[in-house]
Amino acid sequence: MRISTNTLYESGTSGLLRQSTDLFRLQQQLSTGRRVLAPSDDPVASARALEIDQSKSMNDQYALNRRDATSALGFAESQLATAGELLGTIRERLVQARSAGLADSDRKAIAIDIRAMFSEMMGIANSRDAFGDYLFSGYKSTTQPFSGSVEAGVSYAGDDGQREAQVASNRRLPISDSGSSVFMRVPSGNGNFSLTPDPANRGTAVLDSGGVSDMSKWSDPNNPGDFDIVFAVSGGVTTYDIIDNSSGNSLLTGAAPGGAPLPRVFQKGDTITLRSNGGSEPPFDFGARFSMTGAPANGDRVSMNISSAQSVFDTIGDVILALEQPASGDANALAKVSNAIGSAMSNIDQSTDNLLTARARIGSRTTEVSALDSLGEDVNLQFETSLSNLRDLNYTEAISKLTQNLSYFQAAQQSFMKVSGLSLFNYIGA
């Protein structure tokens, strides 16, 4: 077979170009550290790497979401902690205000102090996050949740929604609590029932918050949860009856309330219990009790009701107004102020517990975010390992191949020079 000089040159040039291309590709691989420089280098690995890259990008976004969620939860927890400290300070002022030796001016001074704390609590409830959204307005993040005053009361304009963040592929985490659940829906009284003296009472009885000795009895489905304790005083003897307001009958006798004396005797230091003395049909024991200091007057009444929702703002506002009322020198008025303070202290205790519960929820979410962060880092490491296996270069193999191809290239250059120098004209000329 005859090979022309032109064919010889073209073949040699083509071989050198292929060798140069291989050397250039190896040089790029070594400089980038990547085995796969283009999808055509390894289509299967490239497709798989693209899928892992997308999953890794989602995992990185979840990490950013968790960072923002941690920030939001931390800010909410700090606001609730401040609110709890504020309630503790208000309670201390109320303990001072309950002292019998205080004058009206002293109680008014305490009321002024608590008014300032009322405004501070409103500020906490209307706080905004770093993005300018209201923290406790539910889904209505641009609506101021709370408005009002001590005299007019406070209303809530938000909703019950909880804003959420996608912190993992299968987990949406609440990062806020509605203001209604934190500040508005707080159990009244001792959390099981509340005691409310009739405003028309003329005696000097001061109530404690009471309690339930046996929750199974208080939770009895036959418990109507709405009672009036009525007192009568005759001949120096105080008696009382317990009225079931749902039926209008006495729980102690099972019949309609009669005249004085009432069925049970009350003596100073006695504890009033929601328990029959055998005269009612059927007998009952609801496990609830409360005690009093001072003395009720004839016809005085105390309402006992299952705890309902109360607002921390109403609690603070009501006690402020009570402290501002003149009471010095009037035993009945002092008893009313003392009862108002005692009721507020019980409600504040419930509000404090409610804040602690909200903080506990935030703490559990923060712990979950931290755990998801650790898991996300592990997943990210797995993605990095998989991508490295698919795309990264084996330097030992690549350097060996570069040395080999370089030898091939040098040999090709030298052989091309030798072959291209072969010509009959060299001999003719000689």
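- Using cut-offs of 30° and 60° for the angle between ring planes, the Phe146 and Phe183 rings count as perpendicular.
- Residues Asp241 and Ser250 have side chains that bring a donor and an acceptor to within less than 3.5 angstrom of each other.
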Open item on the list: Assess the residue pair Arg98 and Leu94 against the criterion (side chain to side chain contact (heavy atoms under 4.5 Å, CB included)); give the C-alpha distance rounded to whole Å, side-chain angles, the decisive distance to 0.1 Å, and a yes or no.
Closed with: CA-CA 6 Å; Arg98 213 173 190 185; Leu94 293 180; over 6 Å; no
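- In terms of modelled atom types and a separation under 3.5 Å, the side chain of Ser209 and the main chain of Gly189 share no donor-acceptor contact.
- Between Asn126 and Pro145 there is a side-chain heavy-atom pair separated by less than 4.5 Å.
- There is a side-chain donor-acceptor pair under 3.5 Å between Asp104 and Ser328.
- Between the side chains of Asn65 and Gln61, at least one donor-acceptor pair of N or O atoms lies under 3.5 Å.
- Side-chain contact, Asn190 with Ser346: no donor N or O sits under 3.5 Å from an acceptor N or O.
- Residues passing the side-chain contact (heavy atoms from CB on, under 4.5 Å) test with Ser370: none are found, sequence neighbours excluded.
- With a 6.0 Å radius and a threshold of 12 heavy atoms from other residues, nucleotides or ligands, Glu151 has its CD atom above the threshold.
- Taking the six-membered ring where the residue is Trp, Phe266 and Phe231 present perpendicular rings, their angle passing 60° and hence far from 30°.
- The side-chain contact (heavy atoms from CB on, under 4.5 Å) search around Ala111 returns Ile320, Leu323, Glu324, not counting sequence neighbours.
- Side-chain atoms of Val319 and Thr315, non-hydrogen and from C-beta on, never get closer than 4.5 Å to each other.
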- [ ] Determine, stepwise, if the pair Met304 / Ile242 fulfils side chain to side chain contact (heavy atoms under 4.5 Å, CB included).
- [x] CA-CA 10 Å; Met304 176 188 283; Ile242 302 174; over 6 Å; no
Open item on the list: One pair to check against side chain to side chain contact (heavy atoms under 4.5 Å, CB included): Thr273 and Arg264. What are the steps and the verdict?
Closed with: CA-CA 11 Å; Thr273 59; Arg264 188 172 289 173; 4.1 Å; yes
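- Taking CD of Gln79 as the start and CG of Leu135 as the end, the distance is 6.5 Å to the nearest 0.5 Å.
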